Protein chains: 2
Amino acid sequence: MTLSEEDYIKAIYHLGKGENTMVSTNAVAEQMETKPSSVTDMVKKLSEKGVANYKPYKGVSLSEYGQKIALSLVRKHRLWEVFLVEKLDFSWDEVHEVAEQLEHIKSEKLIDQLDKHLGYPQVDPHGDPIPSKKGEFKKTIKKLLHEIPTGTSGICVGVKDSSPPFLKFLDKNKIALGDTISVLEKEEFDGSLYIRIKESKIHISNQIASNLYLKITA
Amino acid sequence: MTLSEEDYIKAIYHLGKGENTMVSTNAVAEQMETKPSSVTDMVKKLSEKGVANYKPYKGVSLSEYGQKIALSLVRKHRLWEVFLVEKLDFSWDEVHEVAEQLEHIKSEKLIDQLDKHLGYPQVDPHGDPIPSKKGEFKKTIKKLLHEIPTGTSGICVGVKDSSPPFLKFLDKNKIALGDTISVLEKEEFDGSLYIRIKESKIHISNQIASNLYLKITA
DNA sequence: AATAATATTTAGACAAAACTAAATATTTGT
DNA sequence: ACAAATATTTAGTTTTGTCTAAATATTATT
Ligand SMILES: [Mn+2]
Ligand SMILES: [Mn+2]
Ligand SMILES: [Mn+2]
Ligand SMILES: [Mn+2]
């Protein structure tokens, strides 16, 4: 597969939410930042190649084979993201662009060894699961911190309230996107939480907890 | 620069031996495994872009700017080779093909951090020097082991005699391409050498030493 | 059900990078 | 110096991936 074909396959995969859903030409065009006519051309070719199933005017979905390619690309992308954060001190928001390039490097040994070098990580820096070599992975869900049960942990992936006061509060308490947070204990009385974040334990109100999104493995 | 342009720039650089020599169309074609007519087209374009100086029927050389690009590519290529060997347990002869792809990844931060992660290596697994960010590097030369002075060290890069008996000898004594060898002492009487190779010290005859090529930084 | 709005495809063009075959320039050998 | 051999360029195609403009299909609205 060419670099371009691979990016289309990934786009179709992500727009179909990993399921084998039909996606529209326009949706792919928007995702890829190209024109719908270019998408038509490409999905025709991918269909010829047996990677996708294209029904004119109806949309496109990945074939079995296409799914495999997509999962392999997602695996590479996310492993590289872990590498960049863990080994090269990249931050959460800097990795995507570079991983978008690295995912296209062709070498099976490279990925196997990278996986090993990283200690076989299960999730990427955004809390998204890393498919195994065979394409298996755990689903993850996004939940508000105050909704998740005591004992579980997840990666902070977003805020519901993005007002300056709230963001300032997070900053002051050293809570950042990409941090792993575990719920240690819940206070029945006011719904406040004791959480662990980067080795330190802190106490936060229910109001804070209901404005922070975590990604947890289901 | 596109991937293709970058590979042409590197080819011109290497054929010109790093000096600003004029290189023939045919030579580039052979190196790149393309046809001379394709080379003509490309070097015209590189000249337009100010990367190279092309004189019809006379050949092509890199401009100042082209040299800079070439050195940056060589730097990336060799740093990735070190990464593959040091961190991912690739062997000497497996790295080139993968580095050929990785060298084209666009991210300044990626290379700076990779350099740091690897401890700012000076040479790649083949004993070739790694240019600094500014493009400076030490020249290396290839010499027979018995020609180099006591106290110096280098990387084993080839054999003069490639007969099975000699290769078998190297195997038995665990001397392999890519190994770092230091000359500890020379025996005046028979010209035999005491060398260090991978933490162990061994004694080899002058005849062995005169059939092993080392790459040393001049 | 007819019309308007939107989505999608088709047709035709373009740039990048390669190729083959033919033309032309340079170098070599006598 | 001239012919033969070799190197290089030119001309004309091809493939991949993109685009714009126009045509056609689908969906939404009245
Ligand atoms: Mn990509
Ligand atoms: Mn990610
Ligand atoms: Mn390359
Ligand atoms: Mn090398």
Side-chain angles (χ1 to χ4, degrees), chain A residues 1-16 21-62 65-66 69-70 73 97 100-101 103-106, chain B residues 1-16 21-62 65-66 69-70 73 97 100-101 103-106:
Chain A
M1 296 296 143
T2 67
L3 190 150
S4 208
E5 288 170 341
E6 289 186 344
D7 279 340
Y8 272 99
I9 291 169
K10 257 194 4 169
I12 296 167
Y13 176 83
H14 282 129
L15 289 168
T21 327
M22 278 268 178
V23 279
S24 77
T25 304
N26 257 21
V28 176
E30 194 173 338
Q31 171 89 5
M32 299 281 301
E33 300 185 69
T34 60
K35 301 291 166 181
S37 53
S38 306
V39 175
T40 303
D41 287 347
M42 182 56 93
V43 296
K44 272 181 185 167
K45 188 169 47 148
L46 292 177
S47 254
E48 297 276 298
K49 286 200 173 190
V51 169
N53 307 305
Y54 165 60
K55 289 264 158 58
Y57 293 103
K58 295 301 169 191
V60 65
S61 65
L62 292 178
Y65 177 39
I69 297 171
L73 287 165
E97 188 192 339
E100 201 57 48
Q101 301 176 59
E103 70 192 355
H104 302 288
I105 304 291
K106 264 98 188 158
Chain B
M1 296 294 144
T2 67
L3 189 150
S4 208
E5 288 170 340
E6 289 187 342
D7 279 340
Y8 272 98
I9 291 170
K10 256 195 5 169
I12 297 167
Y13 175 83
H14 282 130
L15 289 168
T21 327
M22 276 270 177
V23 188
S24 79
T25 305
N26 258 20
V28 176
E30 196 173 335
Q31 171 89 5
M32 299 281 302
E33 302 183 69
T34 59
K35 301 290 165 182
S37 52
S38 306
V39 175
T40 303
D41 286 347
M42 183 56 95
V43 297
K44 272 181 185 167
K45 188 171 46 151
L46 292 178
S47 255
E48 298 275 298
K49 285 200 174 191
V51 168
N53 307 305
Y54 165 61
K55 290 263 158 60
Y57 294 103
K58 295 301 171 192
V60 66
S61 65
L62 292 178
Y65 175 41
I69 297 172
L73 287 165
E97 189 193 338
E100 202 57 48
Q101 300 175 59
E103 70 192 357
H104 302 288
I105 304 292
K106 265 100 188 154

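Quick note on labels: first sequence line is chain A, next is B, and so on, each numbered from 1. Here the structure is a predicted model, which means the values were calculated and not measured. For the numbers below, each heavy atom of this structure counts, side chains included, while hydrogens, waters and symmetry mates do not.
- The shortest heavy-atom contact between B:K106 and A:Q101 is N-OE1, 2.7 Å.
- A straight line from CD of A:E48 to C1' of D:dT15 spans 14 Å, rounded to a whole angstrom.
- Residue B:Y8 places at least one side-chain N or O under 4.0 Å from the OP1 or OP2 atom of C:dA18.
- To the nearest angstrom, C1' of D:dA7 lies 13 Å from CD of B:E30.
- Looking at heavy-atom distances under 4.0 Å, B:S38 makes contact with a base.
- In this structure, of C:dC19, C:dT8, D:dT8, it is C:dC19 that holds the atom nearest to the side chain of B:D41.
- When each of A:Y57 and A:M32 is assigned the nucleotide of DNA chain D with its nearest heavy atom, A:M32 is the one assigned upstream, toward the 5' end.
- For the pair A:S4 and D:dT18, the criterion of a side-chain N or O lying under 4.0 Å from OP1 or OP2 is met.
- With values rounded to the nearest 0.5 angstrom, A:D7 atom CG is found 11.5 Å from A:E33 atom CD.
- The side chain of A:Y54 places no N or O atom within less than 4.0 Å of a non-bridging phosphate oxygen (OP1 or OP2) of C:dT8.
- Contact annotation for B:K44: backbone-only contact, meaning every heavy-atom pair under 4.0 Å involves sugar-phosphate atoms and none involves a base.
- Heavy-atom neighbours of B:K55 NZ from other residues, nucleotides or ligands within 6.0 Å: at or below the threshold of 12.
- Within the structure, a side-chain polar atom (N or O) of B:T25 is placed less than 4.0 Å from OP1 or OP2 of D:dT9.
- A 4.5 Å side-chain heavy-atom check between B:T25 and B:V43 finds every atom pair outside the cut-off.
- In terms of polar N and O atoms assigned as donor or acceptor, the side chain of A:S37 comes within less than 3.5 Å of the base of D:dT20 in a complementary pairing.
- A distance of 7.0 Å separates CE in B:M32 from CE in B:M42, rounded to the nearest 0.5 Å.
- We find that CG of B:N26 is positioned 6 Å from C1' of D:dA7, with the value rounded to whole Å.
- Among the protein residues, A:P36 comes within range of the nucleic acid bases, having at least one heavy atom under 4.0 Å from a base atom.
- Note: NZ (A:K55) to P (D:dT26) measures 14 Å, nearest angstrom.
- Going from atom NZ of B:K35 over to atom C1' of D:dT6 covers 16 Å, rounded to whole Å.
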